[in-house]
Amino acid sequence: MKTIPFWQEDYPRPENLPVFDELPESVDVAIIGGGYTGLSAARTLSKSGASVAVLECEIIGWGASSRNGGITGCDLKAGAQKIFKRYGEKYGHIFWQASLDAVDLIKELVNDEGIDCNFHQDGDLCVAFKPSHFDDFKVDIEWNKKVLNHELHLIPPSELKKEISSPVYYGGLVDDHGAGLHPAKLVYGLAEVAAKYGAQLYERAAVTGLEKAGDGFIVHTQRGRLKAREVIAATNGYTEKLVPGLKSRVIPVGSYSIVTEPLSPELQKEISPKGRMFWDSKWFLNYFRITPGGRLLWGGRNNLSTTLDLEKSARILGKQMVHAFPQLENVPVANTWTGQLGLTFDLMPHIGCVKGVHYAFGYGGHGLHTALYLGRELAQILTGEMTSSPFADIPHQTYFFYRNEPWFMPLAVQFYRLRDWMT
Ligand SMILES: Cc1cc2nc3c(=O)[nH]c(=O)nc-3n(C[C@H](O)[C@H](O)[C@H](O)COP(=O)(O)OP(=O)(O)OC[C@H]3O[C@@H](n4cnc5c(N)ncnc54)[C@H](O)[C@@H]3O)c2cc1C
């Protein structure tokens with residue numbers, strides 16, 4: 001079993017990705033982090049004529065952007081119903097529309113920029129882990145139709161076999177907006193597009209310090225230094241203590257995945273007759289899908305820690321997978337890996353500024369479309385194309401008890417496990 005993320009192995013970073021060695025003396029915008037957020041911001045800024053350096057401490061796309069499940073669709077991590085309750089109807093609709101526009105942005109990258117990332121919009125299916133969750137689905141359907149004019153489809157247990165071949169779920173909820181893609185192809189494709197518009201990409205260029213200088217910054221990196229009028233931190237789940245006050249705004253959470261060896265076409269069709277993306281209704285949810293190439297990817301945040309042993313996590317995930325799909329009992333697991341996503345206390349993604357450094361992060365497990373979207377939105381604020389963003393308007397909640405280490409996570413794990421058990 002290999003411990004390299006499957007997507008990176010399946011589609012390694014293209015050798016001809018145009019990366020630079022020598023830093024320029026100065027740029028308009030220095031972007032820390034070469035994932036979806038940073039590259040999406042770089043694309044928009046470069047298109048507008050700004051000079052941009054993307055500074056990535058590993059290789060481009062190394063973080064969550066080439067390790068995720070490749071499952072996307074509308075809505076934000078906090079969920080539309082909570083968002084409406086918390087921010088009111090006007091902002092509720094704005095955030096909902098933003099999530100739809102975010103999926104459209106992926107389509108724009110595929111159709112207009114020509115990024116070939118196996119994008120297919122065949123819908124997603126949330127499966128009920130308990131009978132009571134199926135009852136909740138009925139309420140969700142009503143609410144979505146009435147408030148958002150958004151159609152979801154209830155799949156009763158008797159019809160579930162047409163959607164998924166698993167004996168353990170109690171019905172499902174289909175959203176036609178759900179889509180799947182190859183995350184590594186997307187991130188490398190986006191890097192190529194940003195470079196085409198003039199963004200300069202730097203790898204092994206960890207930013208080690210920021211110094212205020214005039215109306216900008218001197219950015220210290222492992223490759224030397226450069227001046228930048230503006231700096232964007234696009235580091236999400238990998239945010240460290242570089243900027244005082246930044247780390248306390250986002251909590252790193254480990255997400256773990258395994259992928260099987262390729263399945264026969266018959267088994268693929270049996271497990272997922274309609275090519276849907278799947279997840280279950282638990283708080284500690286599992287997400288799963290058939291990959292391009294016909295493997296089953298099974299992932300989850302069984303333990304929120306970022307340091308779980310990869311063999312151990314493969315054993316836990318493998319057991320869950322075989323429980324859901326007994327027909328996979330003898331199918332070997334090929335890869336096990338992890339990555340860090342960024343969570344905020346209010347489960348909302350945020351755009352903001354700390355000590356003059358702009359940031360966009362906190363997407364939870366919904367970062368595929370939202371990271372691209374917030375990266376673009378932040379860039380549009382910097383170019384003056386937009387004056388603000390709803391993601392910058394809402395307060396970004398921090399708490400005195402979290403500065404550097406999320407020591408409270410084991411308590412949160414116990415709380416949510418209990419919740420999963422009780423509800
Ligand atoms: C295992 C897993 C599964 C997921 N599944 C899904 C899914 O199915 N659907 C979905 O919507 N979302 C999913 N997500 C979330 C999604 O992948 C992320 O929200 C998204 O990729 C965030 O993109 P980003 O560019 O903000 O961050 P990242 O892609 O994590 O990029 C941040 C980069 O910053 C770099 N960096 C950090 N510090 C420095 C520094 N000092 N100097 C230079 N570079 C630095 C890091 O090396 C990293 O490459 C998943 C995440 C994980 C980990």
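Counting starts at 1 for both ligands and their atoms, following the listed order.
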Does a donor on one side chain and an acceptor on the other come within less than 3.5 Å for S48 and Y197? no
Mind checking whether G237 has a heavy atom under 4.0 Å from ligand 1? no
Specify the protein heavy atom at minimum distance from atom 30 (O) of ligand 1: its residue, its atom name, and the distance to 0.1 Å. A64 N, 3.0 Å
At under 4.0 Å between heavy atoms, which part of T239 makes contact with ligand 1: side chain, backbone, both or neither? neither
Ligand 1 N/O within reach of A371 N/O, cut-off under 3.5 Å: no
Test: side-chain hydrogen bond (donor to acceptor under 3.5 Å, both in side chains). Region: residues 341-351. Which pairs qualify, not counting sequence neighbours? T344-D346, D346-H350
Classify the contact between W337 and ligand 1 as side chain, backbone, both or neither, using a heavy-atom distance cut-off of under 4.0 Å. neither
I'd like to know if T72 contacts ligand 1, where contact means a heavy-atom distance under 4.0 Å to any ligand atom. no
Minimum non-hydrogen distance to atom 46 (C) of ligand 1, winning option of R67, E58, E56: E56
Select the closest option to atom 23 (O) of ligand 1 among G63, G35, S65, judged by heavy-atom distance. S65
Classify the side-chain pair H150/D175 by whether it contains a donor and acceptor separated by less than 3.5 Å. yes
Ligand 1 to G364, heavy atom cutoff 4.0 Å, flagged ligand atoms 15 (C), 19 (O)
Parallel, tilted or perpendicular: which fits the ring planes of F129 and Y169, with parallel below 30° and perpendicular above 60°? tilted
What part of Y238 sits under 4.0 Å from ligand 1 if we count only heavy atoms: the side chain, the backbone, both or neither? both
Does the side chain of F217 come within less than 4.5 Å of E230's, by heavy atoms? no
In this structure, does ligand 1 have an atom that sits under 4.0 Å from one of the heavy atoms of Y36? yes
Quick one: are the ring centres of W143 and F84 less than 6.0 Å apart? yes
Could you label the plane-to-plane angle of the H369 and H366 rings as parallel, tilted or perpendicular, counting under 30° as parallel and over 60° as perpendicular? tilted
For the residue pair D21 / Y202, report whether a side-chain donor-acceptor contact shorter than 3.5 Å exists. no
Quick test: of every protein heavy atom, which one is nearest to atom 5 (N) of ligand 1, and how far off is it to 0.1 Å? G69 N, 3.0 Å
K274: partners by side chain to side chain donor-acceptor pair (under 3.5 Å), with sequence neighbours left out: E163
Taking the side chain as C-beta and beyond, is there a heavy-atom pair between W7 and L297 under 4.5 Å? yes
Does a donor on one side chain and an acceptor on the other come within less than 3.5 Å for Q121 and D176? no
When distances are taken from atom 53 (C) of ligand 1, the protein heavy atom at minimum range is G339 C, 3.2 Å
Could you establish whether G299 and ligand 1 come within less than 4.0 Å of each other, counting only heavy atoms on the residue side? no
Nitrogen or oxygen of V207 less than 3.5 angstrom from that of ligand 1: yes
Evaluate I32 for polar contact with ligand 1, using N/O atom pairs at a separation under 3.5 Å. no
What residue and heavy atom of the protein are closest to atom 11 (O) of ligand 1, and at what distance? L368 N, 2.8 Å
Between ligand 1 and G367, is the shortest N or O to N or O distance under 3.5 Å? yes
Atom 24 (P) of ligand 1 sits nearest the protein heavy atom T37 OG1, 3.5 Å
Ranked by distance from atom 52 (C) of ligand 1, the top protein heavy atom is S255 CB, 3.9 Å
Quick one: closest heavy-atom pair of T383 and Q380, and the distance? OG1-O, 3.1 Å
for atom 38 (N) of ligand 1, nearest protein heavy atom and its distance come out as T235 CG2, 3.5 Å
Ligand 1 to Y287, heavy atom cutoff 4.0 Å, flagged ligand atoms 1 (C), 2 (C), 3 (C)
G365, any N or O under 3.5 Å of ligand 1 N or O: yes
Nearest-contact summary for atom 44 (N) of ligand 1 - protein heavy atom, Å: C57 N, 3.0 Å
Counting heavy atoms only, which part of Q340 comes closer than 4.0 Å to ligand 1: side chain, backbone, both or neither? backbone
Pull out every atom of ligand 1 sitting under 4.0 Å from any heavy atom of G33, numbered as shown with elements. 33 (C), 34 (O), 35 (C), 44 (N)
Can you see whether N404 engages K247 through a side-chain donor-acceptor pair at a distance of less than 3.5 angstrom? no
Step through it carefully: locate the ring centre of Y170, locate the ring centre of F134, and say whether they are under 6.0 Å apart. no
Measure A360 to ligand 1 on non-hydrogen atoms and call it side chain, backbone, both or neither using the 4.0 Å cut-off. neither
Provide the number and element of each atom of ligand 1 under 4.0 Å from a heavy atom of N236. 19 (O), 22 (C), 26 (O), 27 (O)
Heavy atoms, side chains only, cut-off 4.5 Å: are F20 and L201 in contact? no
Examine the side chains of K145 and N149 and answer whether a donor and an acceptor come within less than 3.5 Å of each other. no
